[in-house]
*Asks:* 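Below are the structure tokens for one structure; questions will follow.
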Protein chains: 2
Amino acid sequence: MNVKEAQQEFVQLWGNFGSQWGINKTMAQVHALLLTSDDAMSTDDIMEALSISRGGANMNVRELMVWNLIYKVSKTGDRKEFFVAEKDIWEVAKRITRERKRREIEPLKLHLSRLKELDKKEKGAGDFIQMVENIERLVSRMDLMSDTVMKAEESAFFGAIIRLLK
Amino acid sequence: MNVKEAQQEFVQLWGNFGSQWGINKTMAQVHALLLTSDDAMSTDDIMEALSISRGGANMNVRELMVWNLIYKVSKTGDRKEFFVAEKDIWEVAKRITRERKRREIEPLKLHLSRLKELDKKEKGAGDFIQMVENIERLVSRMDLMSDTVMKAEESAFFGAIIRLLK
DNA sequence: TTTTATTTTCAATAATTATTGAAAGTTTTA
DNA sequence: TAAAACTTTCAATAATTATTGAAAATAAAA
């Protein structure tokens, strides 16, 4: 297997993995392509590499820019836009986490919290509220966990503690 | 808002949230329904509550049993099967984590590891392998962290340490 | 055994989600 | 200013994924 083949396999792998976790497959593929590409790529390069349409390539690079996972760069003497990915994988993880938190976790927390505004006198209300509170606690803990992982990575001290917990 | 309305809203909420994370929407709804239901429900009860077909109800309860999130129970004098959910939300989280790990993370790790078997002499191979290794490290760390959080919940000592990291 | 109740399967269909590609829009160059 | 180069949009379409429902299978009762 040469590098190109390995890269193609990685692109497929990452696309499938992404879609299992609710991330658009093609977006994940574009990301994987840029992650493992040495130099900046234009929309045409991406279209060619992934056999996708111009529209699709454009939409996905724009979305990846919103997620802060890729950047636009320009080459002197070329009018086209080129794109490069953030290569620090921990930075990548942090940004994906941040975006999903903002889009999904925060609204979920809000919604759950509002669910507790029900007639507390009614039979069964207590149990229901308890369940919602337990879920709220779970979500918060998971949320905190992601912060902790990221923080641990940045700190030798916390990192050592985390490893102790294994 | 009464309990029933709140429950219905929760079912919708959980279904949407699940599908954003790659979990079948109806399966998440059946789970939410049973999670917030006081007594065991039959397939007919579930069909009625969620307005879904018999086939759908059956497929989803079976799948939830594979995930170990619900159990079959029987009522004396009734031939039907009834279902109840595991109500301990931490247990629920652990089981979902375990299942996704088994189905997705383990295969991903294997696949990533195999990607490193390429001609290392080729130009660019070093960078590619480095990227794959960084991703492997990230996946492992995320994986380990989920164990740690679950463990922390069960242990005052670990819990205290995790809180320190906040 | 036969009937009845219940569960399971799965081909057909519906619903959802992703993708295309050509037209419109924008920016740069001549 | 007009033409060329490039980017963006979005209605139409394709691909994927979820759902139905009726028939087959299974299990319990008569």
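All chains are named by letter (A, B, ...) in the order of the sequence lines, taking the proteins before the strands, and each is independently numbered beginning at 1. These figures come from a predicted structure and were not determined experimentally.
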*Asks:* Please give, in whole Å, the distance from D:dT17 P to A:Asn24 CG?
*Replies:*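 From A:Asn24 CG to D:dT17 P: 12 Å.
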*Asks:* For the pair made of NZ in B:Lys80 and C1' in D:dA27, what is the distance, rounded to whole Å?
*Replies:* 15 Å
*Asks:* Atom NZ of B:Lys25 to atom C1' of D:dT17: distance rounded to whole Å?
*Replies:* 13 Å
*Asks:* Please give, in whole Å, the distance from C:dT4 C1' to B:Asp78 CG?
*Replies:*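 So the two atoms are 14 Å apart, to the nearest Å.
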*Asks:* Would you kindly give the CE-to-C1' distance between B:Met47 and C:dT6, to the nearest whole Å?
*Replies:* 12 Å
*Asks:* Quickly work out the B:Arg54 CZ to C:dC10 P distance and round it to whole Å.
*Replies:*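 Atom CZ in B:Arg54 sits about 18 Å away from atom P in C:dC10.
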*Asks:* Expressed as a whole number of angstroms, how long is the span from A:Glu81:CD to C:dT28:C1'?
*Replies:*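 Spelled out: CD on A:Glu81 to C1' on C:dT28 is 13 Å.
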*Asks:* Looking only at the side chains, is there a donor atom on one of B:Asp45 and B:Ser42 sitting less than 3.5 Å from an acceptor on the other?
*Replies:*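 Distance-only check passes for B:Asp45 and B:Ser42.
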*Asks:* Measure the shortest side-chain to side-chain distance between B:Val30 and B:Leu50 over non-hydrogen atoms and say whether it is less than 4.5 angstrom.
*Replies:* yes
*Asks:* If we ignore angles and hydrogens, is there a donor and acceptor under 3.5 Å between the side chains of B:Asn58 and B:Arg54?
*Replies:* no
*Asks:* With nearest nucleotide decided by heavy atoms, which residue, A:Gly55 or B:Gly56, maps closer to the 5′ end of DNA chain D?
*Replies:*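 By nearest-heavy-atom nucleotide position, the 5'-most residue is A:Gly55.
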*Asks:* I want to check one thing: is the phosphate of C:dT7, taken as OP1 and OP2, less than 4.0 Å away from some side-chain N or O of B:Arg79?
*Replies:* no
*Asks:* Would you mind telling me which residue lines up with the more 5' stretch of DNA chain C, A:Ile52 or B:Asp44, judged by nearest nucleotide?
*Replies:*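 Closer to the 5' end of DNA chain C: B:Asp44.
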*Asks:* Under 4.0 Å: is that the gap between some side-chain N or O of B:Asn58 and OP1 or OP2 of C:dT8?
*Replies:* yes
*Asks:* Just say parallel, tilted or perpendicular for the rings of A:Phe10 and A:Trp14, cut-offs at 30° and 60°.
*Replies:*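 A:Phe10 and A:Trp14: parallel rings.
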*Asks:* Any side-chain N or O of B:Thr43 below 4.0 angstrom from OP1/OP2 of C:dT6?
*Replies:* no
*Asks:* Using a heavy-atom cut-off of under 4.0 Å over every strand shown, decide if B:Ser51 touches base, sugar-phosphate, or nothing.
*Replies:*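 Answer is sugar-phosphate: B:Ser51 comes under 4.0 Å of backbone atoms only.
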*Asks:* When you measure from the side chain of A:Arg62, which nucleotide among C:dG21, C:dT8, D:dT8 comes out closest?
*Replies:* D:dT8
*Asks:* Roughly, in whole Å, what's the span from CG in A:Asn60 to P in C:dT17?
*Replies:*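 Nearest whole value for this atom pair: 16 Å.
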